[in-house]
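Here the structure is a predicted model, which means the values were calculated and not measured. Start at 1 and go down the list; that is how both ligands and their atoms are numbered. We number each residue from 1, following the sequence as shown. All heavy atoms count here, side chains included; hydrogens, waters and symmetry mates do not.
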Amino acid sequence: MTIAHVLGFPRIGAQRELKFAVESFWRGDIGETELAAVGSTLRRRHWQWQKDAGLDLVSTGDFAWYDQMLNTAALLGALPARFGFDPKALTLKQYFELARGNAAQPALEMTKWFDTNYHYLVPELDAETRFDGGVDWFFYELAEARSQGHNVKPALIGPLTFLYLAKSKAAGFDKLGLAGRIVPAYRRILEKLAAQGVEWVQIDEPILALELDAQWRNAFAPIYREFSTAGVKLLLATYFDSVAEHAPLLASLPVAGLHVDLVRAPQQLDALLAAWPQDKVLSAGVIDGRNIWAADLSAKIEQLSAAKTQLGNKLWVSASSSLLHTPVDLAQEDQLDAELKGWLAFAKQKLDEVVVVQRALNEGRGTVAAQLAVSDAAAQSRRTSARIHNPAVGGRVAALTGADAKRAHAYPVRADAQRAWLKLPLLPTTSIGSFPQTREIRAARAAFKRGELPQDQYIAAMQAEIKLVVAKQDELGLDVPVHGEAERNDMVEYFGEQLAGFTFTRFGWVQSYGSRCVKPPVIFGDVSRPTPMTVEWSRYAQSLTSKPMKGMLTGPVTILQWSFVRDDQPREQTCLQIALAIRDEVVDLEQAGIKVIQIDEPAFREGLPLKRAAWDAYLEWAGRAFRVSASGVVDSTQIHTHMCYSEFNDILPAIAAMDADVITIETSRSDMELLEAFGTFAYPNEIGPGVYDIHSPRVPPVNEMLRLIAKALEVVPAERLWINPDCGLKTRGWPETEAALSNMLQATREARSAIAEGRKLVVEAAGHHAAHAAGACGCH
Ligand SMILES: CN1c2c(nc(N)[nH]c2=O)NC[C@@H]1CNc1ccc(C(=O)N[C@@H](CCC(=O)N[C@@H](CCC(=O)N[C@@H](CCC(=O)O)C(=O)O)C(=O)O)C(=O)O)cc1
Ligand SMILES: N[C@@H](CCS)C(=O)O
Ligand SMILES: [Zn+2]
């Protein structure tokens, strides 16, 4: 029989139970026992859902208190020595210290999991790293599932993906050189699973979807040969892109099965089938693990019919990737209309979809006729619904010309026009937009959304916040203030709530990192902007100061990237529609007298396809979409953009081609390394490299920021250098925000004096990293 399974289920809980429990634990409001109980309840519920849906195997190993990469490091015992923890006796408190830092040590670095909006903790490796075993949570959870009567398939992150995604501070460190130590560790785990009678183990190697160099590719065969006699059947799981280029390797690896993503890369099925041996399982990921659209189940069954004929019971059915990237349960959404709701499936509903496809393949379509009828009707309604297509939007996109994606004059001309009215001092200071989102702000919004706080009172509360933020910036002496974004629940969802063609959910939370979640809005149709979205807030903020108020928008690429995107037209098309909506807002802000406007694009790099071969095409349309959003204004209006969370060195020409007048960019955590690339590349416009890391409550001293300013001045002429933090301040508290900004202003004044007096600022070798290490890092 064709087996039905999934690669993993979201752990956060339908009501974000895990988030609230973990945060209570951090605050000391609950202890380990209560926290453990919440984890157990969630696991029990999620396994039961998998069983009730009819899956043949339920997944374990997908639960984590913070992150699955950290869990893998904790299982292997591969913890950074700098913390001084005994890996075998790691406590929950210490686990969270690895994730969030403590008084003596900064947290593990955090970065994006492939092209998702999920962030993992980056394991640290060095020549001394050992994998001698750590905590047994993985085995405990396996036993827990079995004691509840489940047929389990534990999942592990594979050794090559673990090493590939880990990092070492030592230059040129050979991570693969640790294979000789990590492989026996995995083998011990597999043998232990075998001894416990586990039949199938899922081992995730998503790096196979990248363009791997020969060294990494060649490491698979010997490593998996080592595992082949451990006594368990291995299902090697790949996802997020095609692995067809490795088809001969994958077919010959001594594993019992392979999982592939047939949503992102449906075309790889034929290539794989051509090479597929009779005795190996091929797990077909046909239900989308990255999006919320209900599957067209008839089409999915059709997609697999040839594979079923060829492989028989060796064909398995699954979701394309772990369901971690989807919200938990659509049933909770009581404010979506029936038509729209019928188009959607969250993680719980996707379990049913996997089983319908499986049953159709095993027992014939007749056995699931009712489910197929519902699915066919939903697919038909989504294809034909009048609310999806708006000819005016389509027409506007089609009519776009080259001139619409280009400012009227080149940067030097614009810069003159902007200097003429802005009259900013040398090294102008600004912030990235958000100021602390306090509990009070969130509580007021929650009350407003529940209908308990009237709209005028909500607006008054947000205006009071804006007034406070503007007054504080005036006091501090920031040259280009912002309104602080108090009125925004999230920098993408806020816009999604106001744009036509979008809908939003009540409980569609997805884990972003640790306890932090986002609720991506859903783009179901052509996008347009019925009314201005930010203008009144910015106008109000401008009325409070004589300084030029910076308007604050999220850019089209980031809105696209952090939403659930329609899958019935190319992403490029949807992005251009959003770009036009943002362009309208930019023009309206300008009309309202807001003539410095920032269009944030933190997800610009994240949108890059996993395979480099597809980069150019993406960068072309993404850059064009940004320019469409930014080019409706006159020369004297200054357009800023902002980027963070990524390494940008390899896309600098594309960033320059966006042609923003000013880019503010995260650089402090890399000690301005990025700027060297900007210098070499001779970035032509103005730059504000972040001079302090906002991910920690630590207040960097003046001389530390001065040192970064001096470093920046080595590559950027003073006339084109801005001074600002790395990113927005929404996750920070007020005391550290004020103290850090005050130091930033002081550092700027000292830099200006040095320049005026012709004194060269000295870049001391002083350890930024040492200073960071000394800070109480509550980063995450
Ligand atoms: C910059 N980042 C973002 C990413 N993606 C986005 N879509 N948005 C981003 O900003 N990706 C990369 C990074 C990820 N970083 C973060 C940082 C912080 C968070 C975060 O804090 N998330 C919050 C939820 C934010 C939110 O939507 N708030 C809403 C609802 C608040 C809420 O839960 N209200 C409660 C009641 C509260 C009360 O009464 O006090 C409720 O409704 O029950 C809002 O402000 O209105 C989080 O809590 O996880 C995410 C990603
Ligand atoms: N304007 C946003 C950008 C975050 S990347 C903020 O300040 O929070
Ligand atoms: Zn940012």
Atom 2 (N) of ligand 1 [closest protein heavy-atom partner, distance rounded to 0.1 Å]: Y645 OH, 3.5 Å
Exceeds 12 heavy-atom contacts within 6.0 angstrom, atom NZ of K467: no
Minimum-distance N/O/S atom that H642 presents toward the Zn ion (ligand 3): NE2
Apex the Zn ion (ligand 3); atoms C644 SG and C727 SG; angle rounded to 10 degrees: 120°
Geometric cation-pi criterion R605 and F648, 6.0 Å radius, 45° cone: no
Element-labelled atoms of ligand 2 that are located less than 4.0 Å from some non-hydrogen atom of G433: 7 (O)
Option with minimal heavy-atom separation from atom 22 (N) of ligand 1, where the choices are G728, C517, C644: C517
Y513, any N or O under 3.5 Å of ligand 1 N or O: no
Pair F524 + W293: ring centers closer than 6.0 Å: no
Atom 6 (C) of ligand 2 [closest protein heavy-atom partner, distance rounded to 0.1 Å]: S434 OG, 3.3 Å
N/O separation below 3.5 Å, A446 to ligand 1: no
Numbered atoms of ligand 2 (with element) below 4.0 Å of H642, judged on heavy atoms: 3 (C), 5 (S)
Close N or O approach (K730, ligand 1; < 3.5 Å): yes
R439, CZ atom: more than 12 neighbouring heavy atoms under 6.0 Å: no
Nearest non-hydrogen partners of I12 and L42, listed with the distance: O-CD1, 4.2 Å
For G728, atoms of ligand 2 separated by under 4.0 Å from a heavy atom: 6 (C), 7 (O), 8 (O)
Verdict with reasoning, Q511 to R11, per side-chain hydrogen bond (donor to acceptor under 3.5 Å, both in side chains): CA-CA 8 Å; Q511 188 178 11; R11 47 195 168 242; 3.2 Å; yes
Side-chain touch D600/M552, heavy atoms, less than 4.5 angstrom: yes
H119-ligand 1 polar pair, N/O distance under 3.5 Å: no
Close approach, E485 and ligand 2, non-hydrogen under 4.0 angstrom: yes
Side chain proximity check, Y683 to I665, heavy atoms < 4.5 angstrom: no
Contact check: N117 vs ligand 1, nitrogen or oxygen atoms, below 3.5 angstrom: yes
Min heavy-atom dist K449 to ligand 1 below 4.0 Å: no
contact_flag S512 ligand 1 heavy-atom lt 4.0 Å: yes
For M491, the ligand 2 atoms whose distance to one of its heavy atoms is below 4.0 Å: 3 (C), 4 (C), 5 (S)
Short N or O distance, R445 and ligand 1, threshold 3.5 Å exclusive: yes
Shortest heavy-atom approach to atom 42 (O) of ligand 1 - which of R506, R442, R16, R450: R16
Ligand 2 atoms in contact with C727 (distance to a heavy atom under 4.0 Å): 4 (C), 5 (S)
Nitrogen or oxygen of R488 less than 3.5 angstrom from that of ligand 1: no
H325 and F114 aromatic centres sub-6.0 Å: no
Under 3.5 Å: N/O of W509 near N/O of ligand 1: no
Aromatic ring pairing W113/Y118, orientation class (parallel under 30°, perpendicular over 60°, tilted between): perpendicular
K472 NZ/CZ over W734 ring centroid, <6.0 Å and within 45° of normal: yes
Which of the ligand 1 atoms, numbered from 1, are nearer than 4.0 Å to a heavy atom of K19: 47 (C), 48 (O), 49 (O)
Atom of D67, atom of L121 and distance for their closest heavy-atom approach: OD2-N, 3.0 Å
Which of the ligand 2 atoms, numbered from 1, are nearer than 4.0 Å to a heavy atom of I432: 1 (N), 7 (O)
Atom of V492, atom of T558 and distance for their closest heavy-atom approach: CG2-O, 3.9 Å
Residues R627 and D659 bridged, charged N to O under 4.0 Å: no
Nearest-option assignment for atom 2 (C) of ligand 2, heavy atoms, candidates I599, T731, D600, T558: D600
K112: numbered ligand 1 atoms lying under 4.0 Å from its heavy atoms: 11 (N), 12 (C)
Part of C644 within contact of ligand 2 (heavy atoms, under 4.0 Å): side chain
Side chain, backbone, both or neither: the part of P602 lying under 4.0 Å from ligand 2 by heavy atom: side chain
